[in-house]
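Some notes on the structure that comes next.
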Amino acid sequence: MSKQTKVFKVTPNNLSKIIRECAEIIQRGGTVAIPTETVYGLAANALDPIAVNRIFHAKGRPADNPLIVHVASIEQLEQLVSEIPPKALSLIEIFWPGPLTLILKRTRIVPDITTGGLNTVAVRMPADIIAQELIRSSGKPLAAPSANISGRPSPTTAFHVLHDLEGKIDAVIDAGNTCIGVESTVIDMSGEKPAVLRPGYISATQIEEVIGEVEIGYSDHVTETEGVVRSPGMKYTHYSPSATVLLLEGSHDLVLDKIREMYADFTCRGARVGLLVTSSDLFSLTNDMVYLGRKDEPEEVARNLFLGLRSLDERGVNIILADGSFTHEGVGAAVMNRLRKASEMIIKV
Ligand code: TXA
Ligand code: MG
């Protein structure tokens with residue numbers, strides 16, 4: 001059963017009209033893909049179980065993987081959570097609105113389907129003006145996971161949202177490329193000790209400067225399905241394009257040499273090879289190449305990562321050789337986490 005997905009392209013003078021129409025869709029229990037500062041999200045009324053179910057259905061998302069609820073004010077947050085511990089409040093004061101998601105104890109108004117049955121809820125206040133206006137105008141907190149088919153790279157353009165979800169959602173607001181390119185940092189503030197469950201744009205170091213020591217509660221590798229997983233999303237394959245990704249880690253020069261060698265080897269055996277690189281030295285090798293950004297500029301690399309994975313897929317390459325030799329400082333840790341999870345194999349050189 002396919003539906004007509006409306007595409008609202010933002011221009012300087014139609015924003016209020018778009019927000020009004022999309023707010024109506026949200027109020028009717030529909031789904032709208034929206035830009036945020038990180039990636040596009042697939043939004044619906046977080047307090048309406050039927051609307052939230054439409055998100056799970058459109059994405060093919062496992063029911064035990066909870067959603068992030070997006071708010072536009074502290075009053076809205078207070079309806080969703082039973083307490084805001086002092087350290088959580090400090091993080092909110094410094095980083096909201098922005099790419100930091102807090103896990104807090106939930107109140108009863110948050111339906112089970114939104115939290116995957118957990119007694120906690122993930123909440124963030126997005127910095128993007130369009131996202132904020134839609135929350136305000138609809139009067140609803142918005143559940144919004146990344147707007148991709150489950151398991152695929154998160155979308156950073158409306159084109160990629162439509163590639164995955166056209167015919168499955170009511171609308172998409174096309175506001176161009178997202179600024180950051182990787183998802184928010186997720187931190188669990190519901191227990192004794194704060195724990196980072198997903199690295200993102202805001203680094204653990206930045207968080208520690210505000211609230212002191214935090215645990216690192218994530219791994220860069222897909223966690224085994226056995227045992228208790230703190231963040232249900234961690235146990236699923238993620239960020240994977242159709243092509244096989246091989247990630248090369250090590251010093252920059254050695255990685256470049258290895259990419260040249262493996263490119264020649266696979267091409268000679270008939271594979272179509274795409275490259276995700278951080279050095280212009282490789283530009284002459286092939287056109288099936290995406291420049292991620294300078295190796296010392298992790299913010300550039302973050303912005304181009306999912307775009308790069310998807311664009312090589314669109315060209316029909318079989319294998320993607322990914323350069324993992326950029327700095328892992330700051331948002332570099334999040335980029336490395338996403339790349340490792342997208343990879344079939346990590347090759348240390
Ligand atoms: O930047 C972002 O965070 C984007 C934009 C759209 O806001 N959203 C996003 O949502 O990345 P999603 O659903 O793709 O990722 C949410 C992550 C998942 O790994 C999920 O398991 C975890 O947050 N999560 C949600 N609620 C949780 C909870 N109560 N406890 C632990 N982990 C939770
Ligand atoms: Mg996601």
Side-chain angles (χ1 to χ4, degrees), residues 8 10 15-16 18-20 22-23 25-27 31-47 51-52 55 59 66-81 84 88-89 91-104 110 114-115 121-148 154-158 160-161 169 171-187 189 196-203 206-207 233 299 302-303 306 331 334:
F8 294 101
V10 175
L15 188 56
S16 58
I18 291 177
I19 295 291
R20 229 179 304 121
C22 290
I25 298 175
I26 294 289
Q27 285 162 346
T31 48
V32 182
I34 59 168
T36 79
E37 72 277 31
T38 55
V39 300
Y40 276 77
L42 179 58
N45 178 0
L47 305 183
V52 172
I55 295 180
K59 282 180 59 86
L67 308 180
I68 296 175
V69 180
H70 297 66
V71 297
S73 67
I74 298 299
E75 292 70 39
Q76 225 169 15
L77 169 71
E78 284 168 347
Q79 293 180 352
L80 305 173
V81 304
I84 307 176
L89 200 57
L91 292 177
I92 287 170
E93 276 164 9
I94 302 286
F95 296 112
W96 278 15
L100 182 68
T101 296
L102 305 182
I103 310 285
L104 294 165
V110 187
T114 304
T115 68
V121 60
V123 192
R124 89 174 183 98
M125 187 186 289
D128 188 280
I129 299 299
I130 296 174
Q132 285 182 9
E133 283 304 314
L134 185 60
I135 299 166
R136 265 191 222 108
S137 179
S138 63
K140 312 288 182 199
L142 298 180
S146 49
N148 49 280
S154 296
T156 55
T157 66
H160 288 145
V161 172
I169 62 177
V172 55
I173 302 178
D174 179 356
N177 289 44
T178 60
C179 297
I180 292 177
V182 292
E183 305 85 347
S184 62
T185 306
V186 177
I187 183 159
M189 299 302 294
V196 178
L197 301 187
R198 179 175 75 182
Y201 184 72
I202 293 169
S203 67
Q206 279 174 289
I207 291 173
E299 304 202 350
R303 210 174 295 131
F306 290 138
V331 69

Sequence-distant partners of Asp174, salt bridge (charged side-chain N to carboxylate O under 4.0 Å, His left out), two or more places apart
Lys9
Quick one, Thr115 and Val121 - any side-chain contact, counting heavy atoms below 4.5 Å?
yes
Applying salt bridge (charged side-chain N to carboxylate O under 4.0 Å, His left out), can you list everything that pairs with Glu299, at least two apart in sequence or on another chain?
none
Heavy-atom side-chain contact between Pro141 and Ile135 under 4.5 Å:
no
Gln27 to Ser137 - nearest heavy-atom pair and separation:
NE2-O, 3.8 Å
If you look only at pairs with a residue in residues 176-185, which of them pass as a side-chain hydrogen bond (donor to acceptor under 3.5 Å, both in side chains), with sequence neighbours excluded?
Thr101-Ser184, Ser154-Glu183, Glu183-Arg338, Ser184-Arg198
Could you check if a side-chain atom of Ile173 sits within less than 4.5 angstrom of a side-chain atom of Ile18, using non-hydrogen atoms only?
yes
Check whether any side-chain heavy atom of Leu80 sits under 4.5 Å from a side-chain heavy atom of Leu47, and report yes or no.
yes
Is any side-chain heavy atom of Val32 closer than 4.5 Å to a side-chain heavy atom of Ile169?
no
Sequence-distant partners of Arg136, salt bridge (charged side-chain N to carboxylate O under 4.0 Å, His left out), two or more places apart:
Glu133
Distance in Å, Ile19 CD1 paired with Ile129 CD1, rounded so as to fall on 0.5 Å steps:
10.0 Å
Restricting to side chain to side chain donor-acceptor pair (under 3.5 Å), what partner residues turn up for Thr114, sequence neighbours left out?
none
What pair of heavy atoms forms the shortest contact from Val39 to Ser146, and how long is it?
CG2-CB, 4.0 Å
Please lay out, stage by stage, how Ile130 and Phe8 fare under the test side chain to side chain contact (heavy atoms under 4.5 Å, CB included).
CA-CA 12 Å; Ile130 296 174; Phe8 294 101; over 6 Å; no
Report all side-chain donor-acceptor pairs from residues 69-78 shorter than 3.5 Å, counting only partners two or more places apart or in another chain.
| residue | atom | partner | partner atom | Å |
| --- | --- | --- | --- | --- |
| His70 | ND1 | Ile68 | O | 3.3 |
| His70 | ND1 | Leu142 | O | 3.2 |
| Ser73 | OG | Gln76 | N | 3.1 |
| Gln76 | OE1 | Ala72 | N | 2.8 |

With rounding to the nearest 0.5 angstrom, report the CZ to CD1 distance, Arg124 to Ile103.
12.5 Å
Modelled atom types, side-chain donor and acceptor of Ser138 and Arg20, under 3.5 Å
no
Measure across Gly98 and Glu37 and return the closest heavy-atom pair with its distance rounded to 0.1 Å.
C-OE2, 3.2 Å
Side chain Thr36, main chain Thr38, donor-acceptor under 3.5 Å:
yes
Is there side-chain contact between Val52 and Asn45, with at least one heavy-atom pair below 4.5 Å?
no
Of all heavy-atom pairs linking Ala131 and Pro126, the shortest is CB-CG, 3.9 Å
Rounded distance (nearest 0.5 Å) linking atom CZ of Phe306 with atom OG1 of Thr156
8.5 Å
